[in-house]
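One structure is given here, and the rest of the page talks about it.
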Amino acid sequence: MSHQIRVRSASVDDVEGIYTLLKPFAEQNIILDRDRDNIFQHLQEFLVAEYDGDLAGVVCAHIYGKNMAEVRSLVVNPDFQKHGIGRLLVEGCEQWLAGLGVAKVFALTYVTGFFSKMGYRIVSKESLPHKVWTVCVHCARFADCDEVAVEKVLSDAPIEPMVLIPIIEVENR
Ligand SMILES: CC(C)(COP(=O)(O)OP(=O)(O)OC[C@H]1O[C@@H](n2cnc3c(N)ncnc32)[C@H](O)[C@@H]1OP(=O)(O)O)[C@@H](O)C(=O)NCCC(=O)NCCS
């Protein structure tokens, strides 16, 4: 029997599902804790994955600058892990960021094996932009952080901005 996986941008209707997915992993300090307000405020940074229509995974892409964005809040529901969903979420993020012209992406993680399969290499945490730590100070493990920094260079293909409203002709007034 075949199954359908779809990766798409998140909508306001996903907020409760995203919150429920992230919560148990935030409680284990694997990812940063986010309340519903925080998810609403960053909603345009989130992608979600559906498995046969069910919300199965989530990821967030946060841009710090032209040369650096972070893949964060990456979670796949344990019932749906090892089906390639984590890979599709990370690839979706990378395509999205590359389309915006971002040159490099990093993550702070405990699953270096997974990111290595995604083509990331381990780098020193000191090489990351200082702005990163303004978020990390909210983490319970900040003082004793044992996460590993990984990064990947994205394609430097020409940027194709998304056209929201096609060119229209207007009368001179
Ligand atoms: C890490 C996580 C997102 C992976 O999601 P997933 O959907 O199971 O991953 P995929 O099925 O897409 O795996 C892609 C590849 O990575 C490998 N992989 C997955 N998890 C791995 C792990 N923990 N360690 C090493 N390799 C791993 C898979 O075997 C697969 O390899 P293949 O392409 O050779 O078959 C998921 O395990 C998860 O949600 N973990 C808990 C939260 C977490 O740690 N998030 C990361 C925060 S930075």
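In listed order, ligands and their atoms are each counted from 1. Along the sequence shown, residues carry numbers from 1.
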Whether F80 and Y51 hold their rings parallel, tilted or perpendicular, with breakpoints at 30° and 60°: tilted

Here the pair of heavy atoms bringing A69 nearest to V102 is CB-CG1, 3.8 Å

Atom 35 (O) of ligand 1 touched by protein heavy atom at under 4.0 Å: no

Pair H62-E45, side-chain donor/acceptor within less than 3.5 Å: yes

Using a 4.0 Å cut-off to any heavy atom of L74, which atoms of ligand 1 qualify? 3 (C), 42 (C), 43 (C), 45 (N), 46 (C), 47 (C)

Is there a heavy atom in M118 that sits closer than 4.0 Å to ligand 1? yes

Below a 4.0 angstrom heavy-atom separation, can you tell me which part of L108, side chain or backbone, both or neither, approaches ligand 1? backbone

If I compare all heavy atoms of K125 with all of A149, which pair ends up nearest, and what's the gap? CG-CB, 3.9 Å

Ligand 1 contacted by G84 (non-hydrogen, < 4.0 Å): yes

Of Y110, F115, F114, the residue with the heavy atom nearest atom 19 (C) of ligand 1 is F114

Tell me whether ligand 1 is touched by F25 - counting only heavy atoms on the residue side and a distance under 4.0 Å. yes

Any heavy atom of T112 sitting closer than 4.0 Å to ligand 1? no

Is it the side chain, the backbone, both or neither of I30 that has a heavy atom closer than 4.0 Å to ligand 1? side chain

Under-4.0 Å protein heavy-atom contact, atom 28 (C) of ligand 1: no

Nearest-neighbour protein heavy atom for atom 17 (C) of ligand 1, which is reported as residue plus atom name and distance: K117 CD, 4.1 Å

